[in-house]
Undergrad: 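Right, I'll just put the structure down here and ask away after.
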Amino acid sequence: MQELIEAFLNYLSVERGLAKNTISSYKEDLNFYAIFLKKRAKESLSQTNKNDIIDFMLYQKGNGLAANSIARHLAAIKMFYRFLVRERILKTDPTSLIDSPKLWKKIPDALSFKEVEELLSQPNLRQIQGIRDRAILETLYATGMRVSEAVNLKTDNVNLWPRGRIAYPLFF
């Protein structure tokens, strides 16, 4: 089974161009799966079925693995079986009827008014960097954009003056 895992990881690297960290995670996930199958006396992947994969997921849950981690393991296993079918190593994909677990999307905690005031008061407005930092913080707060979106924000993306309104200078 290790040779097949290595062939799959090579495919992910060469043909799919996945990042080294992703490939490393998939390798670890598939090695855990291989150990699980070996303990169940499954010497060949052709002997595996949907129940083996479900049992593996339940085993992980029983060991306290988070739903996100189990979902990632399942994604690696699904890709692995699809690869094996595409390469004609296996005739059927036992993962085809297995749905990925539904993951809750965590809503971030909102800051209190006091926390916002404290955050906005931190930049030193006597320095140019402080004015810049305050503008960034106010933009993040007012728009709800992510930090990654603010980092990629270009001057051309900003409409400083509403259409149809007279523009007044910010400072007198």
Undergrad: Let me confirm one number: the CG-CZ distance from Asn124 to Arg134, rounded to the nearest 0.5 Å.
TA: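 Here the rounded value is 11.5 Å.
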Undergrad: Are the side chain of Ser13 and the backbone N or O of Leu9 linked by a donor-acceptor pair below 3.5 Å?
TA: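 No; zero donor-acceptor contacts below 3.5 Å.
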Undergrad: Kindly compute the distance separating CG (Asn31) from NZ (Lys38), expressed to the nearest 0.5 Å.
TA: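 It comes to 11.5 Å.
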Undergrad: Evaluate whether atom CD of Glu115 has more than 12 neighbouring non-hydrogen atoms of other residues, nucleotides or ligands under 6.0 angstrom away.
TA: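 Enclosed: over 12 neighbouring heavy atoms sit under 6.0 Å from CD of Glu115.
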Undergrad: Could you give the distance from CE (Met79) to CZ (Phe8), rounded to the nearest 0.5 Å?
TA: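 Atom-to-atom, Met79:CE and Phe8:CZ are 4.5 Å apart.
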Undergrad: Is Pro94 close to Asp52 at the side-chain level, that is, under 4.5 Å between some pair of heavy atoms?
TA: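 In short, these two side chains do not touch, never coming nearer than 4.5 Å.
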Undergrad: Only one of Thr95, Leu37, Thr48 clears side-chain contact (heavy atoms from CB on, under 4.5 Å) with Ile53; which?
TA: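 Among Thr95, Leu37, Thr48, the one meeting side-chain contact (heavy atoms from CB on, under 4.5 Å) with Ile53 is Thr95.
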Undergrad: Any sub-3.5 Å donor-acceptor pair from Asn49's side-chain atoms to Asn51's backbone N or O?
TA: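 Flag set: sc Asn49 to bb Asn51 pair under 3.5 Å.
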Undergrad: Might you point out which heavy atoms bring Gly130 and Pro123 nearest each other, and give the distance in Å?
TA: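 Looks like O-CB, 3.2 Å.
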Undergrad: Using 0.5 Å steps for rounding, measure from the NZ atom of Lys27 to the CG atom of Leu12.
TA: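 Lys27 NZ to Leu12 CG: 12.5 Å, rounded to 0.5 Å.
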Undergrad: Are more than 12 heavy atoms, taken from residues, nucleotides or ligands other than Tyr59, located less than 6.0 Å from that residue's OH atom?
TA: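 No, not enclosed.
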Undergrad: Does the side chain of Arg86 pick up a donor-acceptor pair with the side chain of Tyr11 at under 3.5 Å?
TA: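 Yes, Tyr11 and Arg86 have a side-chain donor paired with an acceptor closer than 3.5 Å.
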Undergrad: Fit a plane to each ring of Tyr33 and Tyr81, take the angle between them on a 0 to 90° scale, and name the class: parallel (under 30°), tilted (30 to 60°) or perpendicular (over 60°).
TA: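 Rings of Tyr33 and Tyr81: perpendicular, over 60°.
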Undergrad: Is it the case that more than 12 heavy atoms not belonging to Lys78 sit under 6.0 Å from its NZ atom?
TA: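 It does: Lys78 NZ has more than 12 such atoms within range.
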Undergrad: Verify side chain to side chain contact (heavy atoms under 4.5 Å, CB included) between Val85 and Lys91, making sure each step is shown before the conclusion.
TA: CA-CA 6 Å; Val85 170; Lys91 291 182 182 180; over 6 Å; no
Undergrad: Examine distances only and state if a side-chain atom of Thr143 and a backbone atom of Thr139 form a donor-acceptor pair shorter than 3.5 Å.
TA: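 Confirmed, Thr143 side chain pairs with Thr139 backbone.
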Undergrad: Treat each ILVMFWY residue as a node, draw an edge where side-chain heavy atoms are under 4.5 Å apart, and state whether Ile54 and Leu90 are in one component.
TA: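 Looking at the clustering, Leu90 is in the same group as Ile54.
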Undergrad: If Ile, Leu, Val, Met, Phe, Trp and Tyr residues are connected whenever their side-chain heavy atoms lie under 4.5 Å apart, and connections chain through other members, are Leu58 and Ile77 in the same group?
TA: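 As far as the 4.5 Å side-chain criterion goes, Ile77 and Leu58 are connected within one cluster.
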Undergrad: Quick one: do Lys114 and Glu118 make a salt bridge, cutoff under 4.0 Å?
TA: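 Glu118 and Lys114: not salt-bridged.
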Undergrad: Is it true that, when you exclude Leu125 itself, more than 12 heavy atoms of the residues, nucleotides or ligands shown sit nearer than 6.0 Å to its CG?
TA: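 Above 12, so yes.
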Undergrad: Between CZ of Phe56 and NZ of Lys39, what distance do you get to the nearest 0.5 Å?
TA: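 Phe56 CZ to Lys39 NZ: 10.0 Å, rounded to 0.5 Å.
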Undergrad: Might you point out which heavy atoms bring Ala150 and Leu140 nearest each other, and give the distance in Å?
TA: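 The answer is CB-CD2, 3.7 Å.
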Undergrad: Do you know which two heavy atoms are closest between Leu153 and Met145, and how far apart they sit?
TA: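 The pair with the smallest heavy-atom distance is CD2-CE, 4.4 Å.
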Undergrad: With no hydrogens and no angle check, just 3.5 Å: does a side-chain donor-acceptor pair link Glu15 and Asn10?
TA: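 No donor-acceptor contact under 3.5 Å links the two side chains.
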Undergrad: Would you sort out whether Phe80 and Leu45 count as a side chain to side chain contact (heavy atoms under 4.5 Å, CB included), showing the intermediate values?
TA: CA-CA 11 Å; Phe80 181 52; Leu45 287 169; 3.4 Å; yes
Undergrad: Could you tell me which non-hydrogen atom of Ala34 sits nearest to which non-hydrogen atom of Met1, and how far apart they are?
TA: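 So the minimum-distance heavy-atom pair works out to CB-SD, 3.6 Å.
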Undergrad: Could you tell me the separation between the OG1 atom of Thr92 and the NZ atom of Lys50, rounded to the nearest 0.5 Å?
TA: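 Rounded to the nearest 0.5 Å, the OG1-NZ separation comes out at 12.5 Å.
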Undergrad: Are the side chains of Arg40 and Asp55 in contact, using a 4.5 Å heavy-atom criterion?
TA: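 In short, these two side chains touch, coming nearer than 4.5 Å.
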Undergrad: Decide side chain to side chain contact (heavy atoms under 4.5 Å, CB included) for Glu117 and Phe113; before the verdict, give the C-alpha distance in whole Å, the side-chain angles of both, and the deciding distance to 0.1 Å.
TA: CA-CA 6 Å; Glu117 282 184 326; Phe113 184 73; 3.1 Å; yes
